[in-house]
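No hydrogens, no waters, no symmetry mates; every other heavy atom, side chains included, goes into these values.
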Amino acid sequence: MPKRKQRTGAVQPLKTQKRMRRAKPICSCTSPRFTSSGPAFTCYEQDVWTEIAKFLDGKSLVMLAATCRWFHALVMDGSIWRYLCLRDLQVPAPRHPAAFDWKKLYISAFNGSHSYMFRQPEKHIDWMRIGAFFLESSSVLLTERLSNPPKFPKEDSIQKMLESSGSCVLNNVKPGIWIADLQLVRCPVCELNTCDGTMQTLDARHIELFLSEGYQDGSWEYELIGIQDVKKHVEGASGAIFDVKHLKDSSTSVFNLKSWVGKPNDWQPKAVITMHAVAVNTNLQRNEGLQVKYHVMRAGAEGEVVSIRISQQLL
């Protein structure tokens with residue numbers, strides 16, 4: 001059997017072999033639009049990512065912004081947060097520019113805060129977010145009667161309006177986006193934390209209220225504008241706020257009580273909200289009547305109304 005012929009010649013040094021392997025080019029695919037001098041995501045159109053961001057919620061946007069500087073700059077754009085705010089609150093865009101950054105407005109609307117967290121927290125028991133509505137005009141109709149569409153009172157003062165019709169017209173209200181909550185608080189009459197009495201409050205505020213300096217430093221306070229005593233049995237504790245300009249548009253769904261107040265033996269609080277109105281109702285057992293109080297907060301002594309409360313308390 002013939003012997004295998006051995007290879008002859010010197011073995012090349014290891015460094016030479018490595019050098020030869022390095023000299024061989026590496027095949028790869030390179031996007032003609034990509035340049036190593038800029039961030040990788042610039043190869044995509046920015047407006048495409050902007051549209052994608054609009055499908056996310058606030059928490060997801062913050063998580064996306066934390067991934068890199070490019071996404072942080074994109075996500076922090078005010079137009080995205082403006083879109084999210086109007087989308088999630090389901091309201092139209094206000095006519096006038098917002099006084100605050102839209103991201104801050106979004107946070108104040110969706111971070112779980114409410115007015116009793118900042119004022120009288122010791123009185124607070126529970127709450128429910130109703131939603132948002134839009135005031136196009138600067139006049140609203142306040143009422144505790146939901147049995148029939150209210151008529152415009154003609155008296156010259158709020159107290160006289162309430163005594164004659166159970167409704168009143170409030171002027172110089174700040175137009176724009178308003179947020180409504182249903183609050184359950186301890187009875188304020190005796191001022192005792194051990195009191196078992198409760199009071200239901202329809203609590204509505206302009207979306208910019210919590211960010212305003214006057215509210216934060218405590219210089220803006222609630223003032224009582226009217227009291228109404230109903231000294232007879234009432235079927236339910238109700239309250240509503242209507243944009244005067246859109247009263248007819250909103251009254252159809254609000255005054256169709258059978259569609260939202262529940263059965264007479266259903267004692268759970270109920271609420272309904274439309275584009276330009278909000279209403280609450282809690283069915284009551286046999287009672288001797290209600291005391292209804294109307295409070296407002298103004299942006300300064302002669303400023304616009306930026307918060308409204310309608311409270312009901314059993315007599």
Side-chain angles (χ1 to χ4, degrees), residues 115 119 133 135-175 178 180 182-183 185 187-190 197 199-206 209 220-252 254-255 257 261 271-272 274 276-282 284 287-315:
S115 61
R119 309 288 176 91
F133 61 105
L135 294 183
E136 189 174 349
S137 68
S138 59
S139 297
V140 297
L141 179 69
L142 311 180
T143 183
E144 57 85 22
R145 297 182 182 178
L146 298 181
S147 57
N148 295 301
K151 298 180 180 179
F152 282 98
K154 299 180 180 180
E155 287 72 16
D156 56 359
S157 71
I158 290 180
Q159 186 59 44
K160 290 181 180 180
M161 293 180 194
L162 294 174
E163 292 173 356
S164 65
S165 62
S167 305
C168 67
V169 175
L170 182 64
N171 297 313
N172 196 26
V173 179
K174 187 171 184 176
W178 281 63
L182 178 60
Q183 307 281 0
V185 296
C187 166
V189 174
C190 57
M199 182 175 68
Q200 172 183 288
T201 301
L202 171 57
D203 185 12
R205 61 179 171 88
H206 194 275
L209 177 63
W220 297 355
E221 292 288 352
Y222 284 97
E223 61 175 299
L224 181 65
I225 61 171
I227 300 177
Q228 179 188 5
D229 288 333
V230 183
K231 297 181 179 180
K232 62 180 181 179
H233 170 74
V234 291
E235 298 293 336
S238 306
I241 303 172
F242 295 91
D243 186 338
V244 168
K245 185 176 181 180
H246 296 276
L247 180 59
K248 293 183 179 180
D249 304 339
S250 306
S251 61
T252 302
V254 172
F255 291 102
L257 299 182
V261 300
V272 63
T274 68
H276 304 286
V278 62
V280 298
N281 180 82
T282 300
L284 299 175
N287 58 80
E288 297 180 358
L290 284 175
Q291 183 179 79
V292 186
K293 294 182 179 181
Y294 297 81
H295 290 83
V296 300
M297 177 181 287
R298 303 181 187 274
E302 302 296 330
E304 295 176 304
V305 174
V306 291
S307 183
I308 300 171
R309 285 179 176 174
I310 303 177
S311 304
Q312 296 94 10
Q313 176 185 339
L314 288 172
L315 292 174

side-chain contact (heavy atoms from CB on, under 4.5 Å) filter on Ala240, not counting sequence neighbours, yields Thr143, Leu146, Phe242, Ala279

Would you say Glu144 and Gln228 are linked by a side-chain donor-acceptor pair, where the criterion is simply a distance under 3.5 Å? yes

Could you check Met297 against Arg205 for side-chain contact (heavy atoms from CB on, under 4.5 Å), going step by step and ending with a plain yes or no? CA-CA 9 Å; Met297 177 181 287; Arg205 61 179 171 88; over 6 Å; no

Should [X] and [Y] count as side-chain neighbours, where that means a heavy-atom distance under 4.5 Å?
X: Leu162; Y: Tyr294; value: yes
X: Trp178; Y: Ile241; value: no
X: His276; Y: Lys245; value: no

Mind listing the closest non-hydrogen atom pair of [X] and [Y] along with its distance?
X: Thr274; Y: Phe133; result: O-CB, 3.5 Å
X: Val244; Y: Leu141; result: CG2-N, 3.8 Å
X: Gly239; Y: Ile310; result: CA-CG2, 4.3 Å
X: Asn171; Y: Ser139; result: OD1-OG, 2.7 Å
X: Thr201; Y: Ser311; result: OG1-OG, 3.0 Å
X: His206; Y: Pro175; result: NE2-O, 3.0 Å

Taking side chain to side chain donor-acceptor pair (under 3.5 Å) as the definition, give me every residue that meets it alongside [X], ordered by chain and number, with sequence neighbours left out.
X: Ser137; answer: Asp243
X: Ser157; answer: none
X: Ser307; answer: Tyr222
X: Glu288; answer: none

Point-to-point distance, once rounded to the nearest 0.5 Å, from [atom1] of [X] to [atom2] of [Y]:
X: Leu257; Y: Glu235; atom1: CG; atom2: CD; value: 11.0 Å
X: Glu155; Y: Ser167; atom1: CD; atom2: OG; value: 10.5 Å
X: Leu209; Y: Ser115; atom1: CG; atom2: OG; value: 8.5 Å

Are the side chain of [X] and the backbone of [Y] linked by a donor-acceptor contact shorter than 3.5 Å?
X: Gln159; Y: Ile227; result: yes
X: Asn172; Y: Val305; result: no
X: Ser164; Y: Met161; result: yes
X: Asn287; Y: Leu315; result: no

Just one of Leu142, Asn281, Val280 clears the side chain to side chain contact (heavy atoms under 4.5 Å, CB included) bar with Leu202, so which one? Val280

Could you list all the side-chain hydrogen bond (donor to acceptor under 3.5 Å, both in side chains) pairs where at least one residue sits in residues 295-306, not counting sequence neighbours? Glu223-Arg298

Between Leu314 and Leu290, is a side-chain contact (heavy atoms from CB on, under 4.5 Å) present by the stated rule, with each step listed? CA-CA 5 Å; Leu314 288 172; Leu290 284 175; 3.7 Å; yes

